[in-house]
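Quick notes on the structure that follows.
Hydrogens, waters and symmetry mates are skipped; everything else that's a heavy atom, side chains included, is used. Here the structure is a predicted model, which means the values were calculated and not measured.
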Amino acid sequence: MNDKELFDLFVLEAEKPFSGWDFSYITDTGRMASEPMNWNYTSEILASIRKADSLLDMGTGGGEFLSKLQPYPRNTFATEAYEPNVPIARNRLEPLGIKVAEVKDDNQLPFDNEQFDLIINKHESYSVSELYRILKPGSQFITQQVGGQDHLDLNKALGANEDNGYPHWNLNYAVQELESAGFKVIKNLEQFPYTRFYDVGALIYYLSAIPWQVPDFTVEKYFDKLLQIHYQIQEKGFIEFKEHRFFIKAVK
């Protein structure tokens with residue numbers, strides 16, 4: 001099989017269905033891998049979950065991650081803003097006793113004042129004022145965020161727009177925003193790990209699953225650039241791009 005035939009095979013392999021927030025088709029097979037970070041989100045939140053009486057998981061995706069954290073606090077809720085994920089999350093989480101709320105506006109969460117003693121948030125947007133409103137005094141907000149510099153080199157490699165609208169979104173900005181609202185930040189970390197793709201099909205699958213990275217992405221539109229990337233991978237074994245992640249633990 002020559003390189004062009006292999007490229008065509010990988011393009012075809014990328015046409016697998018994607019639902020919720022499950023990248024196992026390319027991660028469990030090792031076709032996409034990320035550099036380990038200097039912290040682990042689950043390890044950071046687990047003890048707090050076990051001690052909590054009321055928990056909110058913001059941006060639960062399809063509920064894949066939250067479903068693995070049983071047993072839950074007595075009152076556990078989840079939110080999801082990406083409409084296709086909402087029924088998936090409800091089907092997975094509501095049988096476990098977790099109510100899933102669809103959220104269209106971060107500034108209007110469907111919860112009471114001081115309802116939660118723990119809010120966790122992995123890669124989801126938030127309104128600081130709403131966090132403060134629904135969190136009990138002395139309770140924690142723990143988040144891992146995708147920073148504004150995430151995978152800009154991927155867009156550059158494709159010749160796509162590199163302006164994601166969030167160049168300011170980094171650890172310092174988020175910490176200052178929380179502190180200005182009255183939170184005390186007790187832990188904060190930031191890192192720029194790499195993501196490696198070991199074949200162009202894994203990259204196509206990834207971009208198709210997260211349409212906000214390259215909003216106009218299609219194989220046809222970016223065919224020439226994808227073919228170049230394919231040849232680079234065949235020569236080097238992989239191609240890698242820079243992620244942007246930061247972590248904050250704050251107390252009201």
If you apply the rule side chain to side chain contact (heavy atoms under 4.5 Å, CB included), what do you find for Ile204 with Leu207, and how did you get there? CA-CA 5 Å; Ile204 293 168; Leu207 287 169; 5.9 Å; no

Is there a side chain to side chain contact (heavy atoms under 4.5 Å, CB included) between Lys136 and Gln115? Walk through the geometry before answering. CA-CA 6 Å; Lys136 295 176 183 178; Gln115 182 170 341; over 6 Å; no

Take Asn155 and Gln213, measure what side-chain hydrogen bond (donor to acceptor under 3.5 Å, both in side chains) needs, and give me the verdict at the end. CA-CA 8 Å; Asn155 289 51; Gln213 183 71 37; 2.7 Å; yes

Output, in order, the C-alpha distance, side-chain angles, deciding distance and verdict of side-chain hydrogen bond (donor to acceptor under 3.5 Å, both in side chains) for Thr60 and Glu80. CA-CA 6 Å; Thr60 199; Glu80 177 55 29; over 6 Å; no

Set out, in order, the CA-CA distance, both residues' side-chain angles and the distance that settles side chain to side chain contact (heavy atoms under 4.5 Å, CB included) for Asp216 and Val214, then state yes or no. CA-CA 6 Å; Asp216 63 347; Val214 182; 3.4 Å; yes

As a quick check of understanding, evaluate salt bridge (charged side-chain N to carboxylate O under 4.0 Å, His left out) for Glu64 and Arg92, giving each step before the final call. CA-CA 8 Å; Glu64 298 88 354; Arg92 179 175 280 116; 3.7 Å; yes

Stepwise side chain to side chain contact (heavy atoms under 4.5 Å, CB included) check, Phe10 with Leu203: CA-CA 10 Å; Phe10 283 134; Leu203 177 60; over 6 Å; no

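The aromatic ring centroids of Phe77 and Phe111 lie less than 6.0 Å from each other. Taking the ring centroids of Tyr126 and Phe141, they lie under the 6.0 Å cut-off. For Tyr231 and Phe7, the gap between ring centers reaches or exceeds 6.0 Å.
The shortest non-hydrogen separation linking Ile26 to Tyr205 is CD1-CD2, 3.7 Å. When every heavy atom of Gly63 is checked against every heavy atom of Ala89, the shortest pair comes out as N-CB, 4.1 Å.
Ring orientation note: the planes of Phe241 and Phe197 are tilted relative to one another, at an angle of 30° to 60°. Ring pair Tyr206/Phe23 is tilted by interplanar angle, where 30° to 60° counts as tilted.
Using a cut-off of 4.0 Å between Lys/Arg side-chain N and Asp/Glu carboxylate O, Lys99 and Glu94 are scored as not salt-bridged.
A side-chain N or O of Ser34 and one of Glu243 form a donor-acceptor pair less than 3.5 Å apart. Asp150 and Tyr166 share no side-chain donor-acceptor pair at under 3.5 Å. Remark: the Gln144 side chain and the Trp39 side chain contain an N/O donor-acceptor pair separated by less than 3.5 Å. For the residue pair Gln145 and His244, no side-chain donor N or O sits within less than 3.5 Å of a side-chain acceptor on the partner. Residues Asp106 and Ser127 have side chains that never bring a donor and an acceptor to within less than 3.5 angstrom of each other.
At a threshold of 4.5 Å between non-hydrogen side-chain atoms, the residues Asn38 and Leu189 do not count as touching. A heavy-atom distance below 4.5 Å is found between the side chains of Glu44 and Lys187. For the pair Ser67 and Leu96, the minimum side-chain heavy-atom distance is below 4.5 Å. Residues Leu109 and Val103 are in side-chain contact: their nearest non-hydrogen atoms beyond the backbone lie under 4.5 Å apart. Counting heavy atoms from C-beta outward, Leu69 and Ile45 have side chains that approach closer than 4.5 Å. Contact annotation: the side chain of Arg196 never approaches that of Ile239 to less than 4.5 Å [non-hydrogen atoms, C-beta and beyond]. Inter-residue side-chain proximity for Glu179 and Val185 is flagged as met; some heavy-atom pair is nearer than 4.5 Å. Looking at Phe217 and Ser208, their side chains come closer than 4.5 Å, going by heavy atoms from C-beta outward.
Ile248 and Ile49 end up in different hydrophobic clusters when Ile, Leu, Val, Met, Phe, Trp and Tyr side chains are linked at under 4.5 Å. Leu178 and Leu56 fall within the same hydrophobic cluster, where Ile, Leu, Val, Met, Phe, Trp and Tyr residues are linked whenever their side-chain heavy atoms come under 4.5 Å apart, directly or through other members. In the hydrophobic cluster analysis, where Ile, Leu, Val, Met, Phe, Trp and Tyr join through side-chain heavy atoms closer than 4.5 angstrom, Val251 is grouped apart from Phe183. Both Val200 and Leu6 are assigned to one and the same hydrophobic cluster, defined by single-linkage of ILVMFWY side chains at heavy-atom distances under 4.5 Å. Residues Leu131 and Val146 are members of separate hydrophobic clusters, defined by side-chain heavy-atom contacts under 4.5 angstrom among Ile, Leu, Val, Met, Phe, Trp and Tyr.
Under a cutoff of 6.0 Å and an axis angle of 45°, Lys242 and Phe192 form a cation-pi pair. Judged by the 6.0 Å and 45° rule, Arg31 forms a cation-pi pair with Tyr25. Relative to the six-membered ring of Phe65, Lys122 meets both conditions, a distance below 6.0 Å and an angle of at most 45° to the axis.
Considering NE2 of His151 and CG of Leu158, their distance stands at 11.5 Å, rounded to 0.5 Å.
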